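Following: one structure in structure tokens, then a few remarks.
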Number of protein chains: 2
Amino acid sequence: MAADDTTAPVPPSPWERERPARDRVSTARAPLTRERVVEAAFTVLDRQGLDGLSMRQVAGELGVTVSALYAHVSSKDDLLELMYTRLFDDFAIPEPDRERWEEQLRDFARSVRRRLLSHRDMARISMGHVPFTAELLPHVESLLALFRAAGLPDRIAAEAGDLISTYVDGFVLEEGIWQDRAARQAGDDDPSLSRPDWREMAGEMQDYFAALPAADFPHLRALSGLMVMDSSDDRFDIGLEIILRGLASYLPDQGAGAPDA
Amino acid sequence: MAADDTTAPVPPSPWERERPARDRVSTARAPLTRERVVEAAFTVLDRQGLDGLSMRQVAGELGVTVSALYAHVSSKDDLLELMYTRLFDDFAIPEPDRERWEEQLRDFARSVRRRLLSHRDMARISMGHVPFTAELLPHVESLLALFRAAGLPDRIAAEAGDLISTYVDGFVLEEGIWQDRAARQAGDDDPSLSRPDWREMAGEMQDYFAALPAADFPHLRALSGLMVMDSSDDRFDIGLEIILRGLASYLPDQGAGAPDA
DNA sequence: GTGACTGATGAACAGTGTTCACCGTAGCAG
DNA sequence: CTGCTACGGTGAACACTGTTCATCAGTCAC
């Protein structure tokens, strides 16, 4: 709720790409909206992946020519940015509760991950975009509110959001890589029918680690069972917990010792 | 030194792309090596950025036709992977010293960042690659050795490397985004002469935050001075420190309390 | 000197993002 | 009802992209 009712208009930040002027469609004939373009882009993305997401494909999805898209979207980069923005459009960050800040942060990270996983290759799009746009700034604000309510020093609070977001993005991106690799390995021609047989690949992977020369790779061999994703969810939570504990160490009452530098 | 003398040959992992068979150049006439191709690719990358890195440009850099490249590199993806691998080729991770593990980790992260910064857009290439290749596995092993020597539980050690690497990658990638944006904003036509006037943009940014509606963005306004990179190095170290503290909390003698889940 | 081999060639293919002159239809002015 | 303007969509074009393949030129072994 904290992020939803921002009635005051946020001015566009100075580096935001200028959208084409024809924003208001006069409802003359065809209902080809920028929203419909973005929607079609998501459809293509889920079907073909980011590498298969071309303006022609999007146009085809809408039964329209490529050039028609450029009336509603100024470039492909612009389209990707719109997709990134729309992914987190109705995202809600709860009102800060200083007793439950860790749970709230866990929920935040998990639901970001869920959203990124909801569309193929979405992490690749998300990474490489900064949420400092008029639409996404409220979320940044809400996150900051959470950190500060928890009692984190300002210097830490200012970095924490970036740190967590980067972690989630990077983690999901890596998940996607493995998923793609498993899919490509399974069904080489038609990647759509190939159920990501994931487990098979994880096993292969684990076998590889276990077969490494024992003298040179003692630790990799010892941890081979933990390195491959037994369950991605568990791995995700562990990394997240490391970050949360690091943040918690800066809480005044925790008194975990001053930084040594 | 731990990573340098791995005399035993590491078998290629099962998912590694197969290189073209013509590996042994008979030194017949032209010294067009795979190494030279990669080198030229780096030259082009630094001059034109990742988006301007095309096979034709690389070929042109070598005074050779495009198709000639494909005798030494099986695809552009392969070339990028080779660049990624070569970036960390002679990377050395020190012998674990359980008293100084935090310093060692700081050094590790900082030198990874330095390497990523040494070539334009390198973080974009690095992200999206997994270091589980024959050439890079020794580094993973050395990192694991460091974590285990420090006394971290195996479950944590297995995630820590990924966590730190992802952090560095993500951080540098974001640095690159801002740098590009500053460059594009300054010299719109010739992006080479445009000194990344960075400070100007940081100021603009800060002004933007400060000018946000006070009622809706109290925290962003309050932290505006910390959100923009006053010095990227400081921001980097803070995020790194958060992670290190999180890791340290899992040390047995630290006794920071059991996880609450 | 001849044959085999190998590495470079250049043309081609299918596809990309983006632009622009043109066109048809819709709604309004007269 | 006619004429006109305006605008959304068209289709062709441009300059690229990654990748492949038949062909050629040079060097080595015999």
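Residue numbers start from 1 in every chain, and the chains themselves are labelled A, B, ... in the order their sequence lines are given, proteins ahead of strands. Predicted model, so just to flag it, every value in this text is computed and none were measured.
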note = Readout for nucleotides 15-20 of chain C: B = base within 4.0 Å of protein heavy atom, S = sugar-phosphate only, - = neither; 5' to 3' it is -BBBBB

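Rounded to whole Å, the distance from CG on A:L69 to C1' on D:dG11 is 14 Å. Distance A:D51 CG to D:dG18 C1': 12 Å, rounded to the nearest Å. Between B:L80 atom CG and D:dT17 atom C1' the separation is 14 Å, expressed in whole Å.
The aromatic rings of A:F91 and A:F108 lie perpendicular to each other, with more than 60° between the two planes, well past the 30° mark.
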inquiry  = Quick one, A:L69 with A:L62, criterion side chain to side chain contact (heavy atoms under 4.5 Å, CB included). Give me CA distance, side-chain angles, the key distance, then yes/no.
reply    = CA-CA 10 Å; A:L69 300 180; A:L62 290 163; 4.0 Å; yes

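For the residue pair B:R113 and B:S232, the shortest heavy atom distance occurs at NH2-CB, 3.6 Å. The minimum heavy-atom distance between B:E61 and B:A40, with the atom names listed, is CG-CB, 3.9 Å.
Rounding to the nearest 0.5 Å gives a distance of 6.5 Å between CE of B:M127 and CG of A:L173.
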